[in-house]
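Reading through the structure tokens given below for one structure.
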Amino acid sequence: MPKSTKNQIKHALAGLLQTKRLDDITVTELVEQCGISRQAFYYHFSDLYAVVDYGIQELLDTLSVSDPDRWREPLERALTLLRENRTVALNVYRAYERSYVEHDLRRWAMPLVEARVRLSARKYAVTEDQVSFMTELLTQGLASIVLSWVERGMPSSVIERLDDFDILVEGALDYTMERLAQKNGK
């Protein structure tokens with residue numbers, strides 16, 4: 001079956017998520033909305049969560065960045081899209097375990113944070129292990145900020161928080177990298 005059927009299912013689910021939580025939607029309701037059979041649905045997806053995963057992965061693929069100097073742009077775009085689609089995002093988020101969402105958020109954000117860490121690290125003689133440690137630490141902090149914002153219902157733009165996080169990272173990262181280089185004797 002063509003990819004258009006997968007996208008039709010994805011879009012129909014997004015429409016239903018405008019008014020219902022994910023765990024209140026059934027496959028029967030979704031296939032009726034799409035005008036397809038259950039067999040067609042199960043040909044493409046194992047369950048509703050797989051549809052959500054497909055949609056999220058498609059979105060994240062469009063938000064990748066190849067230039068490490070532009071590490072923040074995809075993060076801002078992703079958070080802006082979440083805010084613009086707050087109802088859908090919250091209706092999905094509330095159906096998932098926080099640890100699942102946190103894992104996916106960290107996995108996606110880690111390369112962005114790593115790009116930022118490497119921008120600072122290239123000025124200092126630090127080890128790969130130290131770069132990895134700083135990346136892990138800052139990714140965890142960023143994930144905590146974003147999840148806290150989502151749990152509060154995304155009350156306002158998170159960009160201000162990102163600005164504050166970036167200021168903290170900029171100062172702390174350079175200071176820490178310098179100290180690590182001194183520790184390394186270089």
Side-chain angles (χ1 to χ4, degrees), residues 1-66 71-115 132 135-159 161-162 165:
M1 294 209 175
K3 187 174 180 179
S4 62
T5 303
K6 288 180 88 166
N7 287 330
Q8 179 186 3
I9 294 167
K10 176 186 73 174
H11 290 296
L13 182 58
L16 290 169
L17 286 166
Q18 291 290 337
T19 58
K20 293 178 142 186
R21 289 173 53 142
L22 180 62
D23 46 2
D24 292 333
I25 298 171
T26 65
V27 171
T28 300
E29 183 178 15
L30 180 59
V31 298
E32 286 173 3
Q33 182 82 17
C34 291
I36 62 171
S37 68
R38 289 177 67 85
Q39 182 181 7
F41 173 85
Y42 286 113
Y43 176 80
H44 292 289
F45 300 106
S46 59
D47 58 20
L48 294 174
Y49 291 95
V51 180
V52 171
D53 290 342
Y54 170 73
I56 290 171
Q57 191 56 55
E58 268 197 337
L59 174 66
L60 294 179
D61 288 346
T62 68
L63 295 173
S64 63
V65 65
S66 57
W71 68 275
R72 186 174 157 162
E73 286 178 18
L75 185 58
E76 284 186 20
R77 286 195 320 263
L79 296 176
T80 299
L81 282 170
L82 277 176
R83 178 90 162 90
E84 289 171 354
N85 298 286
R86 180 175 32 196
T87 301
V88 171
L90 290 173
N91 281 337
V92 169
Y93 175 76
R94 292 180 178 135
Y96 279 86
E97 293 286 326
R98 177 188 161 107
S99 61
Y100 179 79
V101 175
E102 184 176 4
H103 171 76
D104 283 351
L105 175 60
R106 281 187 289 141
R107 188 182 71 213
W108 176 73
M110 189 166 280
L112 301 175
V113 173
E114 182 180 13
S132 295
T135 299
E136 201 174 307
L137 180 66
L138 293 173
T139 300
Q140 186 63 37
L142 179 61
S144 181
I145 289 168
V146 171
L147 288 174
S148 174
W149 172 69
V150 171
E151 286 172 359
R152 290 191 322 272
M154 298 181 246
S156 62
S157 172
V158 75
I159 303 303
R161 291 276 187 195
L162 284 180
F165 181 76

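It should be emphasised that the depicted structure is a prediction, and the values quoted were computed from it without experimental measurement.
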Within a strict 4.5 Å, meaning less than it, do heavy atoms of the [X] and [Y] side chains meet?
| X | Y | value |
| --- | --- | --- |
| Pro74 | Leu112 | yes |
| Leu82 | Trp149 | yes |
| Ser148 | Arg152 | yes |
| Leu162 | Leu142 | yes |
| Lys6 | Lys10 | no |
| Val51 | Phe41 | yes |
| Trp108 | Leu75 | yes |

Are the side chain of [X] and the backbone of [Y] linked by a donor-acceptor contact shorter than 3.5 Å?
| X | Y | answer |
| --- | --- | --- |
| Asp47 | Ala50 | yes |
| Asn91 | Leu22 | no |
| Thr139 | Thr135 | yes |
| Arg21 | Arg94 | yes |

Approximate separation, where rounding is to 0.5 Å, of [X] [atom1] and [Y] [atom2]:
| X | Y | atom1 | atom2 | value |
| --- | --- | --- | --- | --- |
| Met110 | Ser132 | CE | OG | 8.5 Å |
| Ile9 | His44 | CD1 | NE2 | 5.5 Å |
| Arg107 | Glu102 | CZ | CD | 13.0 Å |
| Glu151 | Leu90 | CD | CG | 10.5 Å |
| Tyr49 | Tyr100 | OH | OH | 10.0 Å |
| Leu13 | Gln18 | CG | CD | 10.5 Å |

Heavy-atom pair with the smallest gap, counting every atom of [X] and [Y]:
| X | Y | result |
| --- | --- | --- |
| Ile145 | Phe165 | CD1-CD1, 3.5 Å |
| Gly153 | Arg86 | O-CD, 3.0 Å |
| Tyr42 | Ser46 | CE2-O, 3.3 Å |
| Ile25 | Leu48 | O-CD1, 3.0 Å |
| Ile36 | Gln8 | CG2-OE1, 4.2 Å |

Item to complete: Output, in order, the C-alpha distance, side-chain angles, deciding distance and verdict of side chain to side chain contact (heavy atoms under 4.5 Å, CB included) for Arg83 and Thr80.
Response: CA-CA 5 Å; Arg83 178 90 162 90; Thr80 299; 5.7 Å; no
Item to complete: Return yes if a side-chain donor-acceptor contact under 3.5 Å exists between Tyr54 and Glu58, otherwise no.
Response: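 Looking only at side-chain atoms, Glu58 and Tyr54 do form a donor-acceptor pair, the distance falling under 3.5 Å.
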Worksheet item: When you check the side-chain N and O atoms of Tyr96 and Asp23, is any donor under 3.5 Å from an acceptor?
Response: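 Looking only at side-chain atoms, Asp23 and Tyr96 do not form any donor-acceptor pair under 3.5 Å.
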Discussion item. Whether Lys20 and Glu29 form a salt bridge (side-chain N of Lys/Arg under 4.0 Å from carboxylate O of Asp/Glu) is what I want to check.
Written reply: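 Salt bridge flag = yes for Lys20 with Glu29.
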